[in-house]
Amino acid sequence: MSLWPFITPGIPDRLFERLPGIPLTKREIRVLLISALRLRKDSVLWDIGAGTGTIPVECGLLCPEGRIFAIERDNEVASLIRENCDRFSVPNVEVIEGNAPECLDRISVRPHRVCFEGGKSLKPILEAVWNLLLPDGRIVATAGSLESLYLLSEGFAQLQVRNIEVVQSGVNRLETRGNNQVLAAVDPMFIISGEKLS
Ligand SMILES: C[S@@+](CC[C@H](N)C(=O)[O-])C[C@H]1O[C@@H](n2cnc3c(N)ncnc32)[C@H](O)[C@@H]1O
């Protein structure tokens with residue numbers, strides 16, 4: 001039986017292979033991000049900075065007729081993405097090893113959907129993917145700080161991204177600490193999304 005035989009997203013974090021020091025988009029944030037992507041069975045998704053590969057795995061399962069491109073600059077992390085795709089028997093993920101935005105012209109298929117995490121070099125990535133995003137495509141980015149959110153909001157406005165939505169997560173998980181059950185916060189994230197009208 002498959003490791004995740006369900007039709008809903010939200011694979012528990014503990015089921016993924018991990019590498020020390022490589023962050024993972026936490027399950028609850030991933031679910032919000034994936035809902036903002038509004039996937040179709042045949043979506044072409046680019047996940048830029050795919051890390052552990054949680055998003056390619058989930059989206060590969062949700063889009064059995066689609067193609068998922070996981071873009072990752074670190075070779076060791078790129079191997080981890082392949083391992084996680086094998087682990088969950090996801091056949092439709094292609095890992096592109098390279099630094100975005102330079103490596104994006106190696107991908108032969110333009111995306112309907114793009115996701116990435118906001119960081120210092122996000123403006124050139126945002127501009128490059130916006131030009132390549134197909135009409136009616138959606139773009140979703142996450143930001144863990146006000147600075148990243150600001151850069152993303154400014155970038156979305158400059159590119160005239162339509163129907164922009166910003167959501168901030170507020171998630172607590174029950175944890176056992178000693179003899180007590182406590183609620184521990186999952187780092188809040190902003191999820192900013194929008195679309196390119198035809
Ligand atoms: C926070 S992790 C992503 C976590 C991922 N969403 C997950 O759930 O596993 C960010 C990843 O982006 C990669 N990265 C950062 N900037 C990049 C760039 N310009 N091009 C390609 N990969 C990049 C890093 O190597 C890192 O593995």
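Computed from a prediction, not measured in an experiment: that's the story for all the values here.
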Between Val182 and Leu174, is the side chain to side chain contact (heavy atoms under 4.5 Å, CB included) condition met? List the steps. CA-CA 6 Å; Val182 297; Leu174 198 67; over 6 Å; no
Applying side chain to side chain contact (heavy atoms under 4.5 Å, CB included), run through Thr52 and Leu19 and close with a yes or a no. CA-CA 8 Å; Thr52 304; Leu19 272 178; over 6 Å; no
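A side-chain donor-acceptor contact under 3.5 Å links Asn163 and Glu195.
Under a 4.0 Å N-O distance rule, the pair Glu83/Arg18 does not qualify as a salt bridge. A salt bridge is absent between Glu175 and Arg173: the closest approach of a Lys/Arg side-chain nitrogen to an acidic carboxylate oxygen does not fall below 4.0 angstrom. Salt bridge status for Glu76 with Arg82: absent, with no side-chain N to carboxylate O gap under 4.0 Å.
Checking each of Asp47, Thr25, Leu33 against Thr54 for a side chain to side chain contact (heavy atoms under 4.5 Å, CB included) leaves exactly one that passes, namely Thr25. Tested against Asp13 for a salt bridge (charged side-chain N to carboxylate O under 4.0 Å, His left out), the candidates Lys26, Arg30, Arg27 yield a single pass: Arg30.
Not one N or O on the side chain of Lys196 forms a donor-acceptor pair closer than 3.5 Å with the backbone of Leu134. The backbone N or O of Asp74 lies less than 3.5 Å from a partner atom in the side chain of Glu72, making a donor-acceptor pair.
Enclosure of atom CG in Asp187 is not indicated, since only 12 or fewer non-hydrogen atoms of other residues, nucleotides or ligands lie within 6.0 angstrom. With a 6.0 Å radius and a threshold of 12 heavy atoms from other residues, nucleotides or ligands, Ile7 has its CD1 atom at or below the threshold.
With sequence neighbours excluded, the residues that form a ring-ring contact (aromatic ring centres under 6.0 Å, His included) with Trp4 are Phe6. Looking at residues two or more places apart in sequence or on another chain, you find a side-chain contact (heavy atoms from CB on, under 4.5 Å) between Gln158 and Lys123, Glu154.
When all heavy atoms of Ala128 and Pro101 are compared, the closest pair comes out as CB-CB, 3.7 Å. Heavy-atom minimum distance, Arg138 versus Leu133: O-CD1, 3.8 Å.
Evaluation of the ring pair (Phe, Tyr, Trp, His ring centres under 6.0 Å) test over residues 154-176, restricted to residues two or more places apart or in two chains, returns none.
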